[in-house]
Participant: 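Quick one: the structure is below, questions incoming.
Proteins come first, then strands; the chains are lettered A, B, ... in the order of their sequence lines, and each starts at number 1.
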Amino acid sequence: MKYISDASYDYIMNKYHDQAKPFDPFQRFIRRDEIFSPETGMPAGEIMDGLKAQDERIADKPHSVRKAQAFAYVLKNTRISCDRRDPFPAINMIDRPLSRVLTSEWAREVREEILPDVFRRRAEFSRLGIATIGPDYDHSVPHWDGIFAFGFAGLLHESERARVGHGADKDAFFEGIRITYEAIISFVERLSDLAARTEGSGRMAKALSSIAKNPPATFYEVLLVIYIYFMLCEHIEGLQARSLCHFDRLLYPYFENDLKNGVTEEEIRGDLAAFLLQFTAIGNYWNQPVFLGGCKEDESTYINALSYLFLDVYDQMGIMNPKVQIKVAESTPKDFLLKALDMIRRGHSSIVFVSDALIRKSLMRAGATPEQARLCDIKGCYEYSILGGIDVGMNYVNLLKPLEYVLHEGCDGVMGEFALHKSPPPCAYKSFDELYAEYKLQLGMLIDAVIDIVNGFEEYLAYMNPQSMLSAAYPTCLQRGRDALAGGSLMNVSSLGCGFIADLADSFAMIKKYVFEKGEISLPEFVRILDSNYEGEELFRRKLVADRDKYGNNKDLPDSIATDIVSFITERVCGKPNAAARGGTWECGFHVARQSYFQGERTAASPNGRPLGEELSKNCSASMGQNRDGATAAILSVTKIDASAFCGDACLDLGLHPGAVKGEEGLEAMYGLLMTFLKRGGHAMHINVFDADTLRDAQAHPEKYGDLQIRVCGWNVHWNQIPKEEQDGFIRQAEALLS
Amino acid sequence: MIRGCIFDIKRFAVHDGNGIRTTVFLKGCNLRCLWCHNPEGMFSVPQTAYYAHKCIGCGECAGVCPAQAHRIEDGKHLFDRALCIGCGKCAAVCLGDALTFYGREMTADELLPLLLEDREFYESSSGGVTFSGGECMLQADFLREILRLCKENGIHTAVDTAGDVPWESFEKVIPYTDLFLYDVKAATESLHKEGTGVSNARILENLKRLSDAGAEIIVRVPVIGGYNDTAEEIERIAAILKPLRIRSVELLPYHAMGEHKYEAIGQVGQTFTVPDADTMALFRKLFN
């Protein structure tokens, strides 16, 4: 392993869980008790008991204070470790212990006692595959600029300073921050003391001692701050710190300063490698994002020597977690993009591109200032948020469900249960336009119902899980004396993820063509065939699948439906008020995460030939295996959607055959695709370079393909980790690729 | 308006000239290269290809075939090629993509919009449109027309040719062609005849005239294991090219990707060996 020794590599990779043992990547964390010395703190069970006992004594206090006290208790007592092989400390995480003692109880209270009807509807929507919604604590971005500028002690100082101007009604909020940050500072000092007693960890001790009191001053100290903030926020506070920051913009000054002070580039590469490897070793299924690029005030690029160094290290390490987003602007150097594209064609599909121009336009439309829009961070797979602004709520709506209602007089196509509104029987639709208008009616009602449910529980987000760590670094939270989740932050967006636009557009295209234009089949008969899951009608199903009028191929019929539905959703959703306590608005996006599978299993056979229960289309990409006219057609289709009309994802998952991207001309062609995509107003693009033969071989001989990674839907997994059904989906996609 | 006969249009073609291109394959060729990987482009008449492994036995083809060339017996699809009149109706309804019709006729006006679809990609990658085949120069009048329309629309054009056509054909297209991809299969005339069925005299003469005319030329040499993969032969080719004004020479190693197409169109292909990377590297040095 270049940059770090084999011993360091092995230690870090096994620091969080034993790599030789089975690991469920959906688990946030598997802790390894054996690396911690008992004299450094209590065992997990004792901490949990102590937490409960402590909380019983202060049960009359506000949630923010109770949670902060619990946070402090864990930090004071949890075991820690330092090792000469690792420049980062080990912290015995008990995997969101506050959730187990406090916040899950507060969530239960809201769920069962305060809003039982809201949560009953939410459960129904999930069971039927209509919508997957819930309180979201996983898509927030720490205000890294503020954290680096002030340091932990400085943030505490700023909060106490702001507290003076507020009345007693804000005491609970500021007290939560005070307790939380005093605990963090003491904890960092405790880590420093241990490092000082650990052979070979002197540098770590010194750096920790410094960041306990001061803002970080060196590259290594900033990495330590990010790491500690991430670990405490993610695993104790219970809020996922998405984005490890706008890395090249924020860390370059430290990098440059270190070099001037005699630190070698090799040392920096070593620290960066060890830093990145922590996230590989933790192994969160969704991958941890970090981002590069974007524009300075004068529109010149933020790409700098550190950006190149970052890609070098990432490449050499051969890792996929963290995942890397590159915000591309006109000023982004071509050679940097070629470097990233070359990595992608060599299998590093954990690098994605997002458009600087499009994101800025979208954010400004939603009310951000040009400066806020320019400096926004990436807060998930492709989602974005202004600094100090919060955008939570990954609420996934299944766009196929309203079509089921239209075709079944308002009932679910799988379970037969009545949903929201009675539609006419299939025989009553005299034209495609009538049917399409009825769909919009049903879709609008579904959107309203989902927003209603989410607004209900988002009223209680901060009540269920107050966020002192996050709020302290948000200037407006301190100004207003309010939690980031309760109107303290800027914008306060809630998001509606609308899934399967390609399957929907294709379904409408097939109904229009075969029922209302060619008259080959009546609508009632088509519905009967769908209800039988194409039983005995395989030829008809094949005909629908073989039909080339499918979204993702630059065909007018399906593409116009897709763009029209997106416009309808955008108008219905964007700008709508969210929960009063948050004081923000709704936005929408078209990211589907794992809902292709989850909601796919609960979705009836669709009119585009897709059988019941099968995987649904991803993001703004063609249905599985339907991009038959190649990469350029896929880009032309997706960029017909006006992605600037909403603040959310409009990602294209592009598959390319290895033969199409080989050689210098292949690399230039990838660049040409990316540039055209961005010029046409595309938002985000990820690329999988694969061929069906390789994937089939990998399925048959997994032992030969231990390193093969594949981008699923905003994150990467190793091929061998995904179930056969998902592998089959990728093989179908690859089979459609043109060499 | 004159109609061209086209057997394929490939978008996002990246190995037929600069940048992202759309390659249009024109049907019919006057060479019979033993290693040809586009055998469906050899004959100028339309052809139906049948990829048996994709057939799902749906019988849709049998329902539309006016010549009864397709029939289903015991659930199996039988295709009697001798009866096929090359109308292409079967391919249009095939549900398994098993039948492909090679030989669509269209005018330059009809073709142009298809080529303009990817215009933005050409612009962002300095790409354009390439005409290949078959031997696209056998349809020189049609080619001239579509090249002219491309140039009117500001699109970079390339012509991929084996060059065995009257010089007058070149004269028709030169004004509208930005780049020639010119195949040279062998320097030794007897070897050329053996491998392609024709002499290389006119080919080399046209190449020289094209060079003299100041055309932009990339020469492409297929390196076929067991045919021309000797240092002597490659050196001879290099010697012929040396005095000419040529932008670059590309050596293309033989690949067997066209093999399945022979069977699909009812022909028998010949297999050669793929030259190894070291041999290719050695040969490339001969052109430095």
Participant: Does atom NZ of B/Lys76 have more than 12 heavy-atom neighbours, drawn from other residues, nucleotides or ligands, at distances under 6.0 Å?
Facilitator: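 Atom NZ in B/Lys76 is not crowded, with 12 or fewer foreign heavy atoms closer than 6.0 Å.
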Participant: Given the rule in the side chain to side chain contact (heavy atoms under 4.5 Å, CB included) test, do A/Glu668 and B/Asn18 qualify, once you have shown the distances and angles that lead to the verdict?
Facilitator: CA-CA 9 Å; A/Glu668 287 287 341; B/Asn18 320 322; over 6 Å; no
Participant: Looking at A/Ala669 and B/Ile20, what are the two nearest heavy atoms and their distance?
Facilitator: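 Reported closest heavy-atom pair: O-CD1, 3.3 Å.
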Participant: Would you mind telling me which of A/Val661, A/Leu636, A/Val545 has the largest number of heavy-atom pairs within less than 4.5 Å of chain B?
Facilitator: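 Heavy-atom pairs under 4.5 Å are most numerous for A/Leu636.
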Participant: Are more than 12 heavy atoms, taken from residues, nucleotides or ligands other than A/Lys555, located less than 6.0 Å from that residue's NZ atom?
Facilitator: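 Above 12, so yes.
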Participant: Are A/Arg628 and B/Asp97 close enough that some pair of their side-chain heavy atoms sits under 4.5 Å apart?
Facilitator: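 Heavy-atom side-chain distance check passes, below 4.5 Å.
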Participant: In terms of heavy-atom contacts, does CG of A/Asp556 have more than 12 from other residues, nucleotides or ligands at under 6.0 Å?
Facilitator: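 12 or below, so no.
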Participant: Could you please state which residues from residues 673-684 of chain A sit under 4.5 angstrom from chain B, measuring non-hydrogen atom to non-hydrogen atom, sorted by number, or 'none'?
Facilitator: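 Expected list: A/Leu673, A/Met675, A/Thr676, A/Lys679, A/Arg680.
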Participant: Does A/Lys518, at its NZ atom, have more than 12 non-hydrogen atoms belonging to other residues, nucleotides or ligands within less than 6.0 Å?
Facilitator: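 Buried by this count: over 12 neighbours within 6.0 Å.
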Participant: Ignoring hydrogens and angles, tell me if any N or O in the side chain of B/His15 forms a donor-acceptor pair with the backbone of A/Gly666 under 3.5 Å.
Facilitator: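 Judged by distance alone, no pair lies under 3.5 Å.
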Participant: Is atom CZ of A/Arg696 surrounded by more than 12 heavy atoms (other residues, nucleotides or ligands) closer than 6.0 Å?
Facilitator: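 Above 12, so yes.
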Participant: Just checking heavy atoms, which of residues 111-129 of chain B are less than 4.5 Å from chain A?
Facilitator: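 Residues in range: B/Glu117, B/Asp118, B/Glu120, B/Phe121, B/Ser124, B/Ser125.
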Participant: What pairs with B/Thr48 under side-chain hydrogen bond (donor to acceptor under 3.5 Å, both in side chains), at least two apart in sequence or on another chain?
Facilitator: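 For B/Thr48 there are no side-chain hydrogen bond (donor to acceptor under 3.5 Å, both in side chains) partners, ignoring immediate neighbours.
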Participant: Taking atom NZ as the centre, does B/Lys151 end up with more than 12 heavy-atom neighbours from other residues, nucleotides or ligands that are less than 6.0 angstrom away?
Facilitator: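 Count over threshold, so yes.
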Participant: Among residues at least two apart in sequence or on other chains, which ones pass side-chain contact (heavy atoms from CB on, under 4.5 Å) with A/Ser532?
Facilitator: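 A/Ser532: side-chain contact (heavy atoms from CB on, under 4.5 Å) contacts with A/Glu535.
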Participant: Please find the pair of heavy atoms, one from A/Lys543 and one from B/Leu95, that lie closest to each other, and give the distance.
Facilitator: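 Nearest pair, atom of A/Lys543 first, then B/Leu95: CA-CD2, 3.3 Å.
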Participant: Tell me whether B/Glu216 at atom CD has more than 12 heavy atoms from other residues, nucleotides or ligands lying less than 6.0 Å away.
Facilitator: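 Correct, the count exceeds 12.
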Participant: What's the spacing between B/Glu250 CD and A/Glu665 CD if we round to 0.5 Å?
Facilitator: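 Atom-to-atom, B/Glu250:CD and A/Glu665:CD are 7.0 Å apart.
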Participant: Does A/Glu525 have more than 12 heavy atoms from other residues, nucleotides or ligands lying within 6.0 Å of its CD?
Facilitator: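 Correct, the count exceeds 12.
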